[in-house]
Structure formats: C-alpha cells, structure tokens
Q: 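I am attaching a structure below and will ask some questions about it afterwards.
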Amino acid sequence: MTLSVRPIVGRRAKITAFGTYVPPQVLTNKDLEKMVDTSDQWIMERTGIRERHVLAKGLGVSDICTEAAKKCLAMRGIEATEIEAILVGTVTPDMMYPATACLVQNKIGAKGAWGFDVSGGCSGFVFALQAGVKLVESGAHKKVLVCGADANTRMTDYTDRTTCVLFGDGGGCVLLEPAEEGEIGFIDYVHEIDGSGGVSLNMPGGGSLNPSTHETVDKKMHYIHQDGPAVYKFAVRKMAEATAKVLERNGVTGKDLGCFIPHQANLRIITATADRLGMDPSRVIINIEKYGNTSGGSIPLAMETAVEEGKLNKGDLVLLAAVGAGFSVGAALLRWEM
Ligand SMILES: CC(C)(COP(=O)(O)OP(=O)(O)OC[C@H]1O[C@@H](n2cnc3c(N)ncnc32)[C@H](O)[C@@H]1OP(=O)(O)O)[C@@H](O)C(=O)NCCC(=O)NCCS
C-alpha cells in the first residue's frame with residue numbers, strides 16, 4: 001500500500017466518540033406476514049432483513065438523535081454546552097421546520113451551538129459527516145456533533161409489500177474534533193448527487209409542490225414511493241464505483257482496509273460491493289438482519305456493530321459508503337483514531 005494523504009490547510013479532523021439509539025419495539029418478518037402477502041423466507045432471501053425497530057407514537061427523529069447524543073457525550077466525558085455545531089442527516093425530520101438540529105440542540109442543552117439538517121437520503125449521514133469534517137478542518141470549530149437518524153416506518157405504507165418490509169427506525173451520532181499530531185482521521189471522500197433518479201425514490205406529499213391535503217393523503221403521497229429494481233441497479237453500480245474511486249486515488253485497496261462500513265439497504269448490494277473491492281467478508285460490517293434499512297441511521301449503527309465485534313480498532317483504515325434517494329452517493333475514507 002502507498003497511502004498518499006492529501007495535505008490540508010487547517011487541522012485534520014477525527015471521530016472522538018459515538019453513540020447510537022434504536023427504539024425498543026421490534027417488528028419482525030413474522031409480524032409482517034400477518035399484515036401483507038409476504039414471507040420471512042422472501043424477505044430474508046431478497047434483502048437479508050429479519051426484523052426492524054419502530055419508534056413509539058409521540059416521539060420523533062430528534063428523540064433518536066437526543067438519546068444517541070447523550071451516549072456520545074458520556075463516552076467523551078464532555079458537557080453539551082461544549083458542542084459548537086450540530087448537523088443532522090435525515091429525511092424524516094420531526095417536522096418541515098424547525099430543523100431537527102434545533103430540536104436536538106434544545107433537548108440536549110447545547111446552548112450556544114448552531115447547526116442544520118442535511119437531506120441526502122440514505123447518504124445523509126456521510127454527507128453531514130463531510131460538512132462537519134470541513135468545519136473542523138477549516139479551524140472554524142473544535143467540537144461538532146454529526147447525527148444520522150431516520151424514522152422511515154412513519155412514512156411507510158403497511159399495505160405495500162414492496163416497501164414495508166425494508167425500513168426500520170434508529171440512528172446515531174459521532175463527535176468530530178481536531179486530530180492530534182501524527183493522527184490522520186478523515187482522508188478523502190467521493191460524494192455525488194444525480195437528480196435524474198429522483199423519480200425512483202421519493203415521498204411526494206407534504207412539501208411545497210404537493211402540500212398536505214385530503215387529496216394527497218387519499219393518494220398516499222405521504223408514503224415512500226419506490227421503484228425497487230431501479231434503485232437496486234443504481235446502488236450496486238454506484239456504490240462500487242464511488243468506493244473504488246476513493247480507494248484508488250488514495251493508493252489503497254480493499255485488502256488494506258480494517259473494515260468496510262456500508263449503508264444497510266440490502267444484503268445483496270453490500271456483498272456485491274464488497275466482492276468488487278476484493279474484501280475479506282469477515283471485515284464487511286453487516287447488521288441489516290436486526291435493523292432493516294434505517295437510512296441516515298445505518299452507518300452510525302453499523303459503526304457501533306463494528307466496534308462491538310472487535311472489527312474497528314485504533315489505526316484501522318475504514319471505508320464508509322452509502323447510496324440513497326436523490327439519487328445520492330457517498331464514500332468516505334478515514335483512519336480510526338479511537
Ligand atoms: C425492493 C427489493 C428488495 C425487491 O427485490 P427484487 O429482487 O428487485 O424484486 P422485484 O421487485 O423484482 O419483485 C420480484 C417479485 O417479488 C414480489 N415481491 C415484492 N415484494 C415482495 C414481498 N415483500 N414479499 C413477497 N413478494 C414480494 C414482486 O411483486 C415480484 O413479483 P412478480 O414477479 O410476480 O411480479 C430490491 O429491488 C431492492 O432492495 N431495491 C433497493 C431498495 C433500496 O435499497 N431502497 C433504499 C435506498 S437506499
């Protein structure tokens with residue numbers, strides 16, 4: 001390996017703590033068999049999902065972020081008032097506005113922080129992460145909280161078997177801080193959007209184009225609409241392309257990685273990408289079986305799985321990758337410094 005680390009003007013950025021949260025209620029494939037014409041076998045074979053978590057009524061994505069943020073602050077041993085900026089990658093905000101970042105800021109008591117939401121579909125977390133990294137690298141901030149969370153079950157039509165088996169609720173966050181002398185932290189990213197794919201995955205109701213009315217609700221425009229096979233084809237092609245590009249231009253191959261942490265949309269998309277990278281399957285982080293597709297929440301949740309399984313250790317090169325609504329594509333390379 002000839003890792004060539006891109007020089008930066010300011011300080012390098014690294015992850016110094018993380019936290020996750022999934023709501024306790026579980027919806028299994030067996031439960032779904034009673035709701036729509038599907039089977040545990042079909043869902044497992046086509047997606048790798050066995051169960052997913054469902055957020056209780058009365059709670060929103062800000063509550064997922066808040067619980068995760070509390071764990072993250074406790075891990076780092078700092079007060080919420082030390083956080084300077086909060087970024088939230090989500091497509092299921094509590095409401096159109098204010099931004100979920102504002103709600104999280106208030107709930108954790110991060111007095112004095114600023115922040116914003118990032119709408120990047122399932123790439124929302126990696127997009128928000130990159131924005132946070134730039135805030136640290138530029139020298140603008142020393143403590144940035146980046147959350148990725150979604151409550152997709154709120155936007156799911158439980159009479160549509162083609163979408164209702166896929167999604168779950170949950171998420172997490174990381175704390176970004178300047179790296180110490182000799183540390184590398186974030187190395188590079190390849191992010192991309194392709195709006196021509198917007199027709200293949202969207203939630204058309206409730207925005208300025210189609211504000212909520214009885215008619216939009218009758219037409220089920222407040223639910224996720226997806227052309228699954230079109231999304232699948234794009235995801236397999238672009239996840240492989242973006243990950244290969246970010247590795248290649250930094251002199252790294254799949255074999256040099258400590259682990260690969262992909263967005264958890266479909267087990268077949270993950271394994272196709274890992275195969276193209278020539279990765280040892282034991283270093284590919286997979287937890288889709290118990291969480292389903294949590295959109296912006298999946299990479300922080302998978303990061304925790306990687307740590308729990310002993311697959312993410314100090315000094316490891318780590319590749320993150322996601323593809324989602326937009327279409328959106330994100331791949332990031334970093335060295336884990338915790
Ligand atoms: C949704 C997805 C799992 C469907 O798998 P697929 O292999 O493409 O299946 P198809 O959509 O071609 O459907 C095959 C058959 O299964 C049926 N089917 C669809 N959902 C089903 C379900 N839950 N249970 C049983 N059968 C189902 C279809 O009706 C179709 O039947 P037909 O052949 O009689 O018409 C897959 O396309 C996918 O994962 N796409 C990407 C989704 C995604 O990641 N979205 C989030 C973006 S990050």
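Residue numbers start at 1 and run along the sequence shown. Atoms within a ligand are numbered from 1 in the order they appear, just like the ligands themselves. Fair warning: this is a prediction, and the values are worked out from it, not measured in the lab.
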Q: Tell me whether Asn293 reaches ligand 1 (any heavy atom closer than 4.0 angstrom to a ligand atom).
A: yes

Q: If the cut-off is 4.0 Å to any non-hydrogen atom of Val231, which atoms of ligand 1 fall inside it?
A: 41 (C), 43 (C), 45 (N), 47 (C)

Q: Looking only at atom types and distance, does a side-chain atom of Asn250 sit under 3.5 Å from a main-chain N or O of Leu247, one as donor and one as acceptor?
A: no

Q: Relative to ligand 1, is Trp42 under 4.0 angstrom through side chain, backbone, both or neither, heavy atoms considered?
A: side chain

Q: Mind checking whether Asn266 has an N or O less than 3.5 Å away from an N or O of ligand 1?
A: yes

Q: Please report the interatomic distance CD(Glu308) to CE(Met303), rounded to the nearest 0.5 Å.
A: 13.5 Å

Q: Judging by distance only, is a nitrogen or oxygen of His263 under 3.5 angstrom from one on ligand 1?
A: no

Q: Closer than 4.0 angstrom, basic N to acidic O: yes or no for Glu84 and Lys143?
A: no

Q: Are there protein heavy-atom neighbours of atom 20 (N) of ligand 1 below 4.0 Å?
A: yes

Q: Side chains of Val329 and Phe234, heavy atoms from C-beta outward: is any pair under 4.5 Å?
A: yes

Q: Determine if the distance from atom 15 (C) of ligand 1 to the closest protein heavy atom is below 4.0 Å.
A: no

Q: For atom 29 (O) of ligand 1, which candidate among Met239, Arg161, Glu33, Gln264 holds the nearest heavy atom?
A: Arg161

Q: Could you point out which residue of Leu201, Thr153, Val91 forms a side-chain contact (heavy atoms from CB on, under 4.5 Å) with Ile224?
A: Leu201

Q: Can you confirm whether something in the protein, heavy atoms only, sits under 4.0 Å from atom 2 (C) of ligand 1?
A: no

Q: Supply the atom-to-atom distance Ile288 CD1 to Glu51 CD, rounded to the nearest 0.5 angstrom.
A: 12.5 Å

Q: Does Ser39, backbone or side chain, put an N or O under 3.5 Å from an N or O of ligand 1?
A: no

Q: Is there a protein heavy atom less than 4.0 Å away from atom 42 (C) of ligand 1?
A: yes

Q: Is there a salt bridge (charged side-chain N to carboxylate O under 4.0 Å, His left out) between Glu192 and Lys238? Walk through the geometry before answering.
A: CA-CA 9 Å; Glu192 189 182 330; Lys238 291 304 285 193; 3.0 Å; yes

Q: Between Glu183 and Arg11, is the salt bridge (charged side-chain N to carboxylate O under 4.0 Å, His left out) condition met? List the steps.
A: CA-CA 10 Å; Glu183 291 180 331; Arg11 297 198 54 173; over 6 Å; no

Q: What atoms in ligand 1 come closer than 4.0 Å to a heavy atom of Val323?
A: 48 (S)

Q: Go through ligand 1 atom by atom and flag the ones less than 4.0 Å from a non-hydrogen atom of Cys122.
A: 48 (S)

Q: Is there a side-chain contact between Phe327 and Ser200 (heavy atoms, below 4.5 Å)?
A: yes

Q: Look up atom 32 (P) of ligand 1 and tell me if a protein heavy atom lies less than 4.0 Å from it?
A: no

Q: Run the salt-bridge test on Arg50 and Glu289 with the 4.0 Å N-O cut-off and return the result as yes or no.
A: yes

Q: Report yes or no: does Thr156 contribute a side-chain atom to a donor-acceptor pair with the main-chain N or O of Tyr158 at less than 3.5 Å?
A: no

Q: Is a side-chain donor-acceptor pair under 3.5 Å present for Thr216 with Asn210?
A: no

Q: Any atom of ligand 1 sitting under 4.0 Å from a heavy atom of Pro229?
A: yes

Q: Mark up the atoms of ligand 1 that fall under 4.0 Å of a heavy atom belonging to Gly228, in ascending order.
A: 37 (O), 40 (N), 41 (C)

Q: Among protein heavy atoms, which sits nearest to atom 45 (N) of ligand 1, and what does the distance come to when rounded to 0.1 Å?
A: Gln226 OE1, 2.7 Å

Q: Please check if any side-chain donor atom of Ser62 sits under 3.5 Å from a side-chain acceptor atom of Lys107, or the reverse.
A: yes

Q: So, regarding Phe167 and ligand 1 (criterion: nitrogen or oxygen to nitrogen or oxygen, under 3.5 Å), is there a contact or not?
A: no

Q: If you have a sec, work out which protein heavy atom is nearest atom 24 (N) of ligand 1 and how many Å separate them, to one decimal?
A: Thr38 OG1, 2.6 Å

Q: In ligand 1, which numbered atoms sit nearer than 4.0 Å to a non-hydrogen atom of Arg46?
A: 6 (P), 7 (O), 9 (O), 14 (C)

Q: Would you kindly specify which portion of Ile43 sits under 4.0 Å from ligand 1, judged on non-hydrogen atoms: side chain, backbone, both or neither?
A: neither

Q: Which ligand 1 atoms are under 4.0 Å away from a heavy-atom of Val165?
A: 23 (N)

Q: Please write down residue, atom name and distance for the protein heavy atom closest to atom 5 (O) of ligand 1.
A: Arg268 NH2, 3.7 Å

Q: Would atom 35 (O) of ligand 1 count as contacted, meaning some protein heavy atom under 4.0 Å?
A: no

Q: Within the structure provided, determine whether Arg52 and Leu32 are in side-chain contact (heavy-atom separation under 4.5 Å).
A: yes

Q: In ligand 1, which numbered atoms sit nearer than 4.0 Å to a non-hydrogen atom of Ala265?
A: 44 (O), 48 (S)

Q: Please check: side-chain N/O of Glu137 versus main-chain N/O of Arg12, any donor-acceptor pairing under 3.5 Å?
A: no

Q: If you measure every N or O of Thr47 against every N or O of ligand 1, does any of those distances drop under 3.5 Å?
A: no

